[in-house]
Protein chains: 2
Amino acid sequence: MTEQPAPTTTAGDPATARGEQTRQLIRDTAMRLFRERGYAQTTMRAIAQEAGVAVGNAYYYFGSKDHLIQEFYAQSQVEHRAAAQPVLDREESFGARLAGVLHAGVDVVTPSHEFAATFFKTAAEPTSPLSPFSAESSGPREASIELFAEVLTGSTAKVDAELRQQLPELLWLAYMGVILYWVHDRSPGQVKTRQLIDGVVPLIDRLVALSRLRVLRPVTRQVLDLIRTLRH
Amino acid sequence: MTEQPAPTTTAGDPATARGEQTRQLIRDTAMRLFRERGYAQTTMRAIAQEAGVAVGNAYYYFGSKDHLIQEFYAQSQVEHRAAAQPVLDREESFGARLAGVLHAGVDVVTPSHEFAATFFKTAAEPTSPLSPFSAESSGPREASIELFAEVLTGSTAKVDAELRQQLPELLWLAYMGVILYWVHDRSPGQVKTRQLIDGVVPLIDRLVALSRLRVLRPVTRQVLDLIRTLRH
DNA sequence: CGCCCTTCTTGAACGTGTTCAACTACCGAC
DNA sequence: GTCGGTAGTTGAACACGTTCAAGAAGGGCG
């Protein structure tokens with residue numbers, strides 16, 4: 001009798017009990033169509049029809065077509081976490097862990113390259129709740145930053161104490177940069193993004209190591225201060 | 001009789017002769033309404049009505065509402081060039097020139113901060129002709145890169161020969177980064193963007209100077225090679 | 001069973017960006 | 001001056017995202 005064992009759903013806006021099934025149905029249908037036809041080519045009417053509900057019903061669960069994208073964002077984060085686990089279990093050096101996690105991130109989104117392009121268009125708008133910097137995206141974002149914290153803590157790298165505190169967020173920012181490049185990457189199989197990762201990780205690795213050097217301490221401090229100032 | 005002194009228009013698609021007036025009228029009306037009401041709140045119908053033409057006429061000159069934004073992009077570049085001139089005439093040191101030109105760039109777009117946000121949303125889409133990396137934006141982009149070339153050539157800075165070649169494009173990329181931050185900058189008067197410029201320019205300045213050091217030569221080379229690989 | 005309240009569902013209607021077949025204005029050629 | 005062709009112009013029509021008043025479904029309580 002494990003069928004309806006009390007609504008264990010987290011307190012999402014409407015999804016308290018009955019509608020949860022419909023919600024998932026609509027979400028899954030949308031994700032499928034997005035992948036099949038692309039974002040712009042998938043109409044809300046098509047999603048509704050394919051899911052067997054009325055158009056307005058989709059809007060009961062998702063504020064807009066854009067909000068459906070956020071589901072993709074959240075889902076990708078979860079998959080990224082799972083795909084990164086083997087790397088975190090296997091690798092010990094900072095560079096290998098970072099490279100592995102970045103590659104895992106790209107792996108996860110690769111099947112949706114075309115669709116993801118349009119996704120990041122919407123995400124780039126600062127006023128949009130879809131921006132990776134927005135409050136509404138804080139869930140996936142913090143989970144993602146936590147992942148990069150694990151990259152660091154599980155590694156053998158010795159890092160300047162002050163930098164250590166900020167580094168996870170900076171690595172996440174670098175990851176966003178990789179994704180931004182990936183979105184624009186027209187090379188077959190997005191090979192260039194892979195080259196970017198493999199080229200940039202050693203640089204980051206070396207930079208992090210250098211940050212402990214006494215001569216560079218002032219610069220490190222200067223950079224960290226600047227970043228602190230610029231954060232919201 | 002300087003009224004119609006032979007069509008000196010550059011070979012833009014339709015704008016060979018008669019329509020040039022209408023084209024400019026529509027463009028100026030659109031720019032004004034964008035600034036007054038914002039991008040989303042300005043309908044094509046409103047633009048047409050305010051300009052005293054039919055809706056379809058606007059589409060004769062501009063392929064889409066998005067294409068009107070490209071006019072803003074081009075116009076901003078011209079204004080940026082003009083605003084940067086005094087700085088280039090006055091300053092000699094690389095840092096001062098770079099900071100001045102970056103500040104000038106922000107100055108130019110400041111009146112359109114709200115509208116520009118939506119602008120960059122569209123610009124972020126890779127498939128869009130509006131992307132600053134796209135072929136259709138190559139005009140303003142190259143003019144902008146040329147501006148940063150002047151920042152370098154007019155300065156007293158001594159730069160590694162290999163880096164010198166790539167630096168203008170890299171500075172332009174940094175400028176894009178500044179704009180990206182500016183778009184998301186919610187601080188009053190976008191003060192933080194100013195702090196970003198003032199904080200980052202000394203770092204770039206120092207980095208450029210260091211690039212000539214023999215010990216750092218391999219790293220410089222490595223970075224430049226990576227960038228060359230990643231360019232399309 | 002009947003009642004009420006919340007949750008969920010519906011589809012017509014609105015405003016938008018965009019298209020297009022039809023029409024008009026202009027200009028060179030004969 | 002009339003003819004033909006290009007450039008320019010029109011506005012109704014289309015498909016889309018989104019809204020909303022209306023209703024249906026479910027469930028707790030007398």
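So you know, we letter chains A, B, ... as the sequences are listed, proteins then strands, and number each from 1.
Looking at residues two or more places apart in sequence or on another chain, you find a side-chain contact (heavy atoms from CB on, under 4.5 Å) between Ser64(B) and Asp66(B), His67(B). Residues satisfying the side-chain contact (heavy atoms from CB on, under 4.5 Å) criterion with Val53(A), sequence neighbours excluded, are Thr22(A), Ile26(A), Ala48(A), Ala51(A), Asn57(A). Under the side-chain contact (heavy atoms from CB on, under 4.5 Å) criterion, Leu203(B) pairs with Val219(A), Gln222(A), Val223(A), Leu226(A), not counting sequence neighbours.
In terms of position on DNA chain D, the residue among Gly52(B) and Gly63(A) whose nearest nucleotide sits closer to the 5' end is Gly52(B).
Relative to the side chain of Tyr60(A), the nucleotides dT10(D), dT18(D), dT7(C) differ in distance, and dT7(C) lies closest. Side-chain proximity of Tyr61(A) to the nucleotides dC8(C), dT18(D), dT10(D) is greatest for dC8(C).
The separation between Gln21(B) atom CD and dA25(C) atom P is 17 Å, rounded to whole Å. Ile26(A) has its CD1 atom 11 Å from the C1' atom of dC8(C), to the nearest Å. Per the geometry, CD belonging to Glu20(A) stands 15 Å off P belonging to dT7(C), to the nearest Å. Phe62(A) places its CZ atom 12 Å from the P atom of dT9(C), with the value rounded to the nearest Å. Across the protein-nucleic acid pair, Tyr59(B) atom OH and dT18(C) atom C1' stand 5 Å apart, rounded to whole Å. Between the CG atom of Asp66(A) and the P atom of dT18(D) there is a distance of 7 Å, rounded to whole Å. Here the P atom of nucleotide dG8(D) and the CD atom of Gln24(B) are 13 Å apart, to the nearest Å. For the pair His67(B) NE2 and dG17(C) P, the computed distance is 16 Å after rounding to whole Å.
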For residues 96-109 of chain B, which side-chain N or O atoms pair as donor and acceptor with protein atoms under 3.5 Å away, sequence neighbours left out?
unit_1: Arg97(B); atom_1: NE; unit_2: Val151(B); atom_2: O; d: 2.9
unit_1: Arg97(B); atom_1: NH1; unit_2: Leu88(B); atom_2: O; d: 3.0
unit_1: Arg97(B); atom_1: NH1; unit_2: Glu91(B); atom_2: O; d: 2.9
unit_1: Arg97(B); atom_1: NH2; unit_2: Glu150(B); atom_2: O; d: 2.7
unit_1: His103(B); atom_1: ND1; unit_2: Arg194(B); atom_2: NH1; d: 3.0
unit_1: His103(B); atom_1: NE2; unit_2: Asp198(B); atom_2: OD1; d: 2.9
unit_1: Asp107(B); atom_1: OD1; unit_2: Arg194(B); atom_2: NH1; d: 3.1
unit_1: Asp107(B); atom_1: OD1; unit_2: Arg194(B); atom_2: NH2; d: 2.7

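Using a 30° and 60° split on the angle between ring planes, Phe148(A) and Tyr175(A) fall in the tilted class, from 30° to 60°.
Taking a 4.0 Å limit (strictly below) on heavy-atom distances, residues 41-50 of chain B reaches DNA chain C at Thr42(B), Thr43(B), Met44(B), Arg45(B).
Judged by distance alone, with hydrogens and angles left aside, the side-chain atoms of Lys65(A) form a donor-acceptor pair with the main-chain N or O of Tyr39(A) at under 3.5 Å. Here the side chain of Lys192(A) pairs a donor or acceptor atom with the backbone of Arg231(B) at under 3.5 angstrom. Side chain of Ser76(B) to backbone of Phe72(B): a donor-acceptor contact under 3.5 angstrom is found.
Between its two ends, the helix from dC1(C)-dG30(D) to dC30(C)-dG1(D) turns its axis by 20°, counting five pairs per end and rounding to 10 degrees.
Not one side-chain nitrogen or oxygen of Thr22(B) sits closer than 4.0 Å to the OP1 or OP2 atom of dG8(D).
Within 4.0 Å of Val55(A), counting heavy atoms only, lies at least one base atom of the nucleic acid.
Residues Thr110(B) and Gln190(B) approach most closely at CG2-OE1, 4.1 Å, considering heavy atoms.
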